[in-house]
Q: 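So that we are looking at the same thing, I have put the structure below in structure tokens.
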There are 2 protein chains.
Amino acid sequence: MKQDPAQALRDTGVRVTRQREALLKVLTEAEDHPDAAELHRRARTLDDSLSLATVYRTLSVLEREGVVLRLALENGGARYEVADAPHHDHIVDLDSGQITEFRSEKIEQLQREIAAELGYDIVHHRMELYCRKKT
Amino acid sequence: MKQDPAQALRDTGVRVTRQREALLKVLTEAEDHPDAAELHRRARTLDDSLSLATVYRTLSVLEREGVVLRLALENGGARYEVADAPHHDHIVDLDSGQITEFRSEKIEQLQREIAAELGYDIVHHRMELYCRKKT
DNA sequence: GTTCATGCAAATTGTTTGCACTAAT
DNA sequence: ATTAGTGCAAACAATTTGCATGAAC
């Protein structure tokens, strides 16, 4: 499933550059949901010339191409993930900041029904549960 | 239900100023979901000395007091609504930008179950359906 | 050889803050 | 009188952009 970054880039038709490979590799290997600055920090270890501007430009290209997803959580900057997994939503642990992914076909179905009743088709949606560990 | 802005302010224990009354009145009467700049524009017609800084400060106070809700949609700045209606979520029309409110107890119930399974209590959540009118 | 991507620094946008002043209590 | 709230301008953080250089095709 997790294919080579260079190949993924080639598949989208954009130019394969050192910088893009570094960024995509780092994002593919990330277990968490890093923001642009953090991706910059990590990818710099693979290509120390990489600038933050390029990180933003690349993320924006890859988002347009459907390769990465941008999460806009409540506070702070955007966070990113590779779009290789099936669609899912997020639980944010308010204390640790940890993000857990989940998926509910039942909820998605209900969402579709609600939208349809109002004459809408859902293009995409976002759902985040801001939680605290049960005591 | 929609009580007098001055009273609402008094109830929260903060000082009742011309500026706050103007802002809260404008927000209470808003049918849409304005952002800070738009609220500033509208409230200025009631109090032309009102500054944008005060708009932000007041919104932040009122959010802390539970009188207003801040929506952080996908793009652009935050949008606001008074917290007088029961909890609901939003459908965003991608073409017109129009925001429709909806509510699904079924979905909320499922959300709680999902969170509980992972050992979490939901503190709050957000769900937005980005839609296009059915053709 | 063209065209696209990059680095850098400067610009933008949305929001926050320090400070001296004014108004609500 | 005391304390909280305000306007203004400057400070900020996240992100974007113009431009000259450099690398991918």
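Only a predicted model underlies this, so the values are computations on that prediction, with no experimental measurement involved. Naming: A, B, ... by sequence-line order, numbering from 1 per chain.
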Q: Anything under 3.5 Å between a donor and an acceptor, one on a side chain of residues 7-16 of chain B, the other on a protein residue two or more places apart or in another chain? List them.
A:
from    : atom 1 : to      : atom 2 : distance (Å)
B:Gln7  : OE1    : B:Arg10 : NH1    : 3.2
B:Gln7  : NE2    : B:Asp11 : OD1    : 2.9
B:Thr12 : OG1    : B:Leu9  : O      : 2.9

Q: Quick one: what's the B/S/- string for nucleotides 15-25 of chain C, heavy-atom cutoff under 4.0 Å, read 5' to 3'?
A: BBBB----BBS
Q: Could you give the angle between the helix axes at the two ends of the helix from C:dT12-D:dA14 to C:dT25-D:dA1, with five pairs per end, rounded to 10 degrees?
A: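 Rounded value for the end-axis angle: 30°.
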Q: Under 4.0 Å from OP1 or OP2 of C:dA5: is there any side-chain N or O of A:Thr58 that close?
A: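 No, because none of the side-chain N or O atoms of A:Thr58 sits under 4.0 Å from OP1 or OP2 of C:dA5.
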Q: Reading DNA chain D from 5' to 3', where do the contacts with chain A start and stop? Cut-off is 4.0 Å to heavy atoms.
A: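 For DNA chain D, the relevant span reads D:dA14 to D:dC25.
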Q: If you define the side chain from C-beta out and look only at heavy atoms, does anything of A:Tyr120 sit under 4.5 Å from B:Leu129?
A: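 The answer is no, as the side chains (C-beta and beyond) never meet within the 4.5 Å cut-off.
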Q: Any chance you could measure A:Asp35, atom CG, to A:Leu59, atom CG, to the nearest 0.5 Å?
A: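 One gets 10.0 Å once the value is rounded to the nearest 0.5 Å.
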Q: Salt bridge or not between B:Arg126 and B:Glu128? Use side-chain N to carboxylate O under 4.0 Å.
A: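 A salt bridge is present here (some side-chain N lies under 4.0 Å from a carboxylate O).
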Q: Taking atom P of C:dA5 as reference, at what distance in whole Å does atom CG of A:Leu24 sit?
A: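 Roughly 15 Å, once rounded to whole Å.
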Q: Quick check: do A:Arg132 and A:Asp95 have side-chain heavy atoms less than 4.5 Å from each other?
A: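 A:Arg132 reaches A:Asp95 side chain to side chain.
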Q: How many whole angstroms separate atom CZ of B:Arg79 from atom P of C:dT13?
A: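 Between P of C:dT13 and CZ of B:Arg79: 16 Å.
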Q: For B:Glu63, give me all partners under salt bridge (Lys or Arg N to Asp or Glu O under 4.0 Å), at least two apart in sequence or on another chain.
A: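 Expected list: B:Arg70.
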Q: Scan side-chain atoms only and decide if A:Gln109 and A:Glu105 contain a donor-acceptor pair under the 3.5 Å cut-off.
A: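 There is no such pair between these side chains.
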Q: Hydrogens and angles aside, do A:Glu81 and A:His88 bring a side-chain donor and acceptor to less than 3.5 Å of each other?
A: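 Side-chain D/A pair, A:Glu81 to A:His88: present.
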Q: If you take the centroid of each ring, where Trp contributes its six-membered ring, are A:His90 and A:His33 closer together than 6.0 Å?
A: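 Yes - the distance between ring centres of A:His33 and A:His90 falls below the 6.0 Å cut-off.
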Q: Quick one: list whatever passes salt bridge (Lys or Arg N to Asp or Glu O under 4.0 Å) with A:Glu117, sequence neighbours left out.
A: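 For A:Glu117, no residue satisfies salt bridge (Lys or Arg N to Asp or Glu O under 4.0 Å) once neighbours in sequence are set aside.
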